[in-house]
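We're numbering straight along the sequence, starting at 1. Keep in mind that the numbers below use all heavy atoms, side chains included, and drop hydrogens, waters and symmetry copies. We count ligands from 1, going down the list as the structure has it; atoms in each ligand are counted the same way.
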Amino acid sequence: MKMTFRWYGESDSIPLSYIKQIQGMTGVVTAVYDVPVGEVWPLETLLAMREHCHREGLEMEVIESVPVHEDIKLGKPTRDKYIEAYRQNIINCGKAGVRCICYNFMPVFDWLRTDLGFRHDDGATSLAYCHKQLMALDPKDLHLPGWDESYTPEELQRLLGEYEGMTHEKLFENLVYFLNAVMPACREADVNLAIHPDDPPWDMFGLPRIICCEADYDRLFAAVPDRHNGITFCTGSLGAGRFNDLVALAGKYADRIYFAHLRQLKYTNDTDFYENGHLTERGDVDIYGIVQALVQNGFDGYVRPDHGRNVWGETGKPGYGLFDRAMGACYLCGLFEAAEKEKKQ
Ligand code: DNO
C-alpha cells in the first residue's frame with residue numbers, strides 16, 4: 001500500500017512541504033490543470049511536476065484525473081481524435097513515472113452534493129447530499145469545486161441536448177470502445193487505468209450512470225479483461241448506494257483496485273447523507289472492514305484519504321482541507337499496519 005494525498009498543483013493552498021510532514025505519506029495525486037480536456041499534456045510539464053514533487057521528497061505516481069472528453073462518452077465520430085490524445089497522455093504519463101491514472105465515465109457531471117458547508121455539532125463542516133434538493137436544481141446551471149471541468153450554461157444546455165436518448169447500454173459500449181482503444185498504450189507505458197465510480201451511484205437528471213455496483217464491475221471486466229483496466233475504489237461514492245456491500249466488493253476486486261479513496265459518510269435517510277471524519281465509528285462505511293478485506297485479498301495499490309471535514313477554523317476547498325485529511329491518513333495508516341500484521345500471523 002502506498003499512502004498518497006491529493007494536491008491541486010501550484011495553486012493549491014496546501015504546499016508540498018506540509019504534505020510531506022504527514023507521516024506515512026509517499027506521494028501526491030495530482031493532474032495538469034491548465035490544458036483543456038481532450039488535448040495532450042506536454043511531457044515537459046509532467047516531467048517538471050515530477051521534479052518539483054521529488055525535490056520535496058514526494059512521488060508523483062498517480063494522476064487524478066485525465067478527464068475523458070464528452071465526445072468519447074457520447075460515441076461521436078470525433079471521438080477517435082480525442083482517444084488518440086488520451087493514448088498520448090497515457091504514454092507521456094508513463095514516461096513521467098506515473099503508474100496509475102484515475103478517470104471517470106460520468107456524463108457531463110462529476111460528483112454531486114447539495115451542501116458544501118454542512119455544520120456538525122462540534123463546529124466542523126463537511127459535504128452533504130440531499131436528493132430532493134438536488135432534483136430541484138437546474139442542471140443547466142450547476143458547478144461544484146474540484147470538478148475536472150466546468151461548463152458555461154450554454155455549453156451545458158448543448159451537452160445535455162446531445163445526451164438525449166443516451167441509454168446505459170450505449171454508454172457502456174462507448175466505455176468499452178474507449179478502453180479497448182487505450183489498453184495498448186497502457187501496456188506500452190506500464191500504466192493502470194482506474195475508473196472512478198459514479199457519485200452518487202445512480203442516474204442523474206436523466207443521464208445514465210454505469211459504474212455503480214457489483215454487476216457493473218462484473219460487466220466491465222468481462223468486456224475488457226486486460227489487467228490494466230482497473231478500479232478506483234471510492235467508498236464515499238459506492239457507499240452512497242445502500243445496495244452496495246463495500247467490504248464484499250473490496251475483497252472481491254482487491255487485485256483490480258489500483259487506487260482506493262477512503263472516505264466516511266453517514267446516512268440521514270434512504271437517499272441522503274453527510275460526509276464525516278474517517279473513523280469507522282463515525283459513519284456507515286465500515287472503513288476498518290474494507291481495509292481488512294483489501295489487505296486479506298492482496299491489495300497492493302495507492303490509497304488516499306478522501307473528503308475530510310473542515311476543522312480548526314480551516315477554510316479552503318470543501319472536502320480538501322489539510323487537517324482532517326491528514327488525520328484521516330494517519331488513521332488509515334494505522335488500520336493498514338494492523339491489517340498487514342494480522343495477515344502475516
Ligand atoms: C471528488 C473526486 C472526483 C474524482 C473524479 C475522478 O472529490 O473524487 O472528482 O476526482 O470523479 O475522475
Visitor: For Met106, take its heavy atoms, then give the atoms of ligand 1 lying under 4.0 Å from any of them.
Guide: 11 (O)

Visitor: Go through ligand 1 atom by atom and flag the ones less than 4.0 Å from a non-hydrogen atom of Glu64.
Guide: 2 (C), 4 (C), 8 (O), 10 (O)

Visitor: For ligand 1, which atoms sit closer than 4.0 Å to a heavy atom of Asn104?
Guide: 5 (C), 6 (C), 11 (O), 12 (O)

Visitor: Does the Arg79 side chain pair with the main chain of Lys73, one donor and one acceptor, at a distance under 3.5 Å?
Guide: no

Visitor: Which ligand 1 atoms, with their elements, are less than 4.0 angstrom from a heavy-atom of His196?
Guide: 4 (C), 6 (C), 8 (O), 11 (O)

Visitor: In plain terms, say whether Asp255 and Arg227 are close enough for a salt bridge, that is, a side-chain N and a carboxylate O under 4.0 Å apart.
Guide: yes

Visitor: Hey, does Cys102 sit under 4.0 Å from ligand 1 if you only count heavy atoms?
Guide: yes

Visitor: Which bit of Asp110 gets closer than 4.0 Å to ligand 1, counting heavy atoms only: side chain, backbone, both or neither?
Guide: side chain

Visitor: With atoms numbered from 1 as shown, which atoms in ligand 1 lie under 4.0 angstrom from a non-hydrogen atom of His307?
Guide: 1 (C), 7 (O)

Visitor: Examine the proximity of ligand 1 to Arg6 and report which part, side chain or backbone, both or neither, has a heavy atom under 4.0 Å away.
Guide: side chain

Visitor: Under 3.5 Å, side chain of Asn276 to main-chain N/O of Arg282, donor-acceptor pair present?
Guide: yes

Visitor: When you measure from the centre of the six-membered ring of Tyr217, is the NZ or CZ of Arg256 under 6.0 Å away and within 45° of the axis?
Guide: no

Visitor: State which residue, out of Arg6, Met25, Arg325, fulfils the side-chain contact (heavy atoms from CB on, under 4.5 Å) condition with Ile19.
Guide: Met25

Visitor: For Lys81 and Glu84, run salt bridge (Lys or Arg N to Asp or Glu O under 4.0 Å): C-alpha distance rounded to whole Å, both residues' side-chain angles, the deciding distance at 0.1 Å, then the answer.
Guide: CA-CA 5 Å; Lys81 168 177 89 178; Glu84 190 42 46; over 6 Å; no

Visitor: Are Glu337 and Lys341 close enough for a salt bridge, meaning some N to O gap below 4.0 Å?
Guide: yes

Visitor: Does Tyr320 reach ligand 1 with a nitrogen or oxygen that is under 3.5 Å from one of the ligand's nitrogen or oxygen atoms?
Guide: yes

